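Encoded as structure tokens, the structure appears first; notes follow it.
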Protein chains: 2
Amino acid sequence: MPETASLHTIGAQLRRARLAAGLTQEQVAELAGISRPRYRDIETGAAAARATTLMNVARALGLEMMLIPQFLVPAVDTLLSPESGEDAPAFVPQPEPDDER
Amino acid sequence: MPETASLHTIGAQLRRARLAAGLTQEQVAELAGISRPRYRDIETGAAAARATTLMNVARALGLEMMLIPQFLVPAVDTLLSPESGEDAPAFVPQPEPDDER
DNA sequence: AAACAAAGATATGTATACAGATCATGTTCT
DNA sequence: AGAACATGATCTGTATACATATCTTTGTTT
């Protein structure tokens, strides 16, 4: 199963976002509502999460899972590449805010 | 767990993409390497797929799963809104309709 | 040094995503 | 009308995502 590559790619992205946010694995796991061993497996690419779990983890890290038409991927990558999340650390939304002000 | 809403949102997106591509559930299932009953459950939001399975299904439909920083979501949505169907079958998804049935 | 915190890792048990088979309910055609 | 096709739906069994507990390792701090 060459899906291992995808798992590793996702995991690396999560790890980068987590370190950028200054959070521990345990903190992200709790924010996402999963256990630390499970988050570790996801971040290291050792196991695949469910789509819903990945969405919760992503939100805990300030990311949103989206399905992008393939022909728009280069454009989206351009949006992503020049800048990363503002380096201002120290707070991350919770999974499923449910309400907006 | 109101993750049911997320499941239905994803499923509706897959269904729109599938119909726009003129594919049957069975064709998408085969392209994605899963069974038809499983694809049906995913498309109808009856069950959550694994992240890897969702990626395979998305690719079969010309979509790519991406993790987008939340502050960039509006910009990406703008990219998505004007066009989307690439060629043959003319069907243009609306900005965010509910569900069709 | 010891103490602590964060991450790596394994084991056991449960929930659920999967395959494959089967049957029913529409649709849309000659 | 039937026939072919697409979808909805349920069942049995297997693979794996999950929780929880425990232990080790590495890195940092006093």
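Below, chain A is the first sequence line, B the second, and so on; all start at residue 1. What you are looking at is a predicted structure, and each value in this text was computed from that prediction instead of being measured.
- For Thr24(B), the listed nucleotide lying nearest its side chain is dT7(D); candidates were dT7(D), dA19(C), dA17(D).
- Across the protein-nucleic acid pair, Glu30(B) atom CD and dC18(C) atom C1' stand 17 Å apart, rounded to whole Å.
- When every heavy atom of Ala60(B) is checked against every heavy atom of Val28(B), the shortest pair comes out as CB-O, 4.3 Å.
- Taking only side-chain atoms of Arg50(A), from C-beta outward, the nucleotide of dA17(C), dA7(C), dC18(C) with the closest atom is dA17(C).
- The distance between atom CG of Asp41(A) and atom P of dT16(D), rounded to the nearest whole Å, is 14 Å.
- Of the candidate nucleotides dA6(C), dA21(C), dA19(D), dA21(C) has the atom lying nearest to any side-chain atom of Pro37(B).
- The side chain of Thr53(A) places an N or O atom within less than 4.0 Å of a non-bridging phosphate oxygen (OP1 or OP2) of dC18(D).
- One interatomic measurement links the two molecules: CD of Glu43(A) to P of dA6(C), which rounds to 14 Å at whole-angstrom precision.
- For dG8(D), one of the phosphate oxygens OP1 or OP2 lies less than 4.0 angstrom from a side-chain nitrogen or oxygen of Gln25(B).
- A straight line from CD of Glu26(A) to C1' of dA21(D) spans 13 Å, rounded to a whole angstrom.
- Nearest-nucleotide mapping onto DNA chain D: of Arg18(B) and Ala46(A), the residue sitting toward the 5' end is Arg18(B).
- Distance, Ile42(A) CD1 to dA19(D) P: 8 Å, rounded to whole Å.
- In this structure, Arg15(A) reaches the dG8(C) phosphate: one of its side-chain N or O atoms is under 4.0 Å from OP1 or OP2.
- Within the structure, every side-chain polar atom (N or O) of Arg38(A) is placed at least 4.0 Å from both OP1 and OP2 of dT10(C).
- Each of Tyr39(A) and Leu23(B) was assigned the nucleotide of DNA chain D with the nearest heavy atom; the assignment lying further toward the 5' end belongs to Leu23(B).
- Within the 4.5 Å cutoff, no side-chain heavy atoms of Arg59(A) are placed close to those of Leu31(A).
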Q) For Arg36(B) and Glu26(B), what are the C-alpha separation, side-chain angles and deciding distance, and is it a salt bridge (charged side-chain N to carboxylate O under 4.0 Å, His left out)? A) CA-CA 5 Å; Arg36(B) 187 183 69 84; Glu26(B) 190 154 20; 5.0 Å; no
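- Closest approach of Ile42(A) to Ala49(A), counting heavy atoms only: CD1-CB, 3.5 Å.
- Per the geometry, CG belonging to Leu54(B) stands 15 Å off C1' belonging to dC18(C), to the nearest Å.
- Distance alone, capped at 3.5 Å, is enough to place a donor-acceptor pair between the Arg18(B) side chain and the Leu23(B) backbone.
- A donor N or O paired with an acceptor N or O is not found under 3.5 Å between the base of dG20(C) and the side-chain atoms of Arg36(B).
- In terms of phosphate contacts, Arg40(B) brings a side-chain nitrogen or oxygen within less than 4.0 Å of OP1 or OP2 of dA9(D).
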